[in-house]
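Report on the following structure.
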Amino acid sequence: MGTPSRQAGRSRRGRPDDSFYQQVYRLARLIPRGQVATYGQIAWLLGVPRGARAVGWALRAVPGGAGVPWQRVVNAAGRVSEGRSRSEVVLQRFLLEQEGVVFDENDRIDLEIYGWERPA
DNA sequence: CGTATGACGAGCC
DNA sequence: AGGCTCGCCATAC
């Protein structure tokens with residue numbers, strides 16, 4: 001059936017058939033409830049300091065119900081990225097607030113407080 | 001295989 | 001402080 005046809009040999013660490021997206025999802029699942037990480041941080045942890053945009057692509061393709069806390073990833077400014085539709089933005093903020101994350105008057109999250117401290 | 005896109009980021013004005 | 005531009009990386013076509 002549909003051949004996977006994906007260049008798996010390009011994967012960094014992990015398994016050879018593990019795509020960058022899967023790596024992003026796996027790492028995103030490690031973000032504890034009530035905390036947030038930035039796209040750049042995820043990219044950096046994956047070994048691609050400048051791959052923040054690629055991380056955004058990965059999270060954007062997250063299938064619903066995949067168990068990936070996509071809401072816990074925001075931009076370096078501590079703000080929820082625009083996304084495709086405004087509803088998604090509102091939803092992301094809603095979900096974060098439910099976890100206890102607080103937004104200031106400028107719709108910003110204080111990363112010094114809620115920023116995820118990468119695991120050891 | 002080359003071009004274009006996009007939930008980013010840092011620098012510059 | 002706020003807004004605009006260029007650069008980076010991984011997919012889609």
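Each chain gets a letter, A, B and so on, in the order the sequences are listed, and its residues count up from 1.
- When all heavy atoms of A/P63 and A/Y25 are compared, the closest pair comes out as CD-OH, 4.5 Å.
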At under 4.0 Å between heavy atoms, how does the protein contact nucleotides 7-13 of chain B? Give one character per nucleotide, 5' to 3', with B, S or -. BBS----

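- With hydrophobic clusters built from ILVMFWY side chains whose heavy atoms lie under 4.5 angstrom apart, A/L30 shares a cluster with A/W44.
- Between the side chain of A/Q41 and the backbone N or O of A/E117 there is no donor-acceptor pair closer than 3.5 Å.
- One interatomic measurement links the two molecules: CZ of A/F20 to P of C/dA12, which rounds to 14 Å at whole-angstrom precision.
- Among A/I31, A/T38, A/V68, A/V36, the single residue meeting the side-chain contact (heavy atoms from CB on, under 4.5 Å) criterion with A/V73 is A/I31.
- Side-chain contact annotation: A/Q71 with A/E99, donor-acceptor N/O pair under 3.5 Å present.
- The separation between A/D104 atom CG and C/dA1 atom P is 12 Å, rounded to whole Å.
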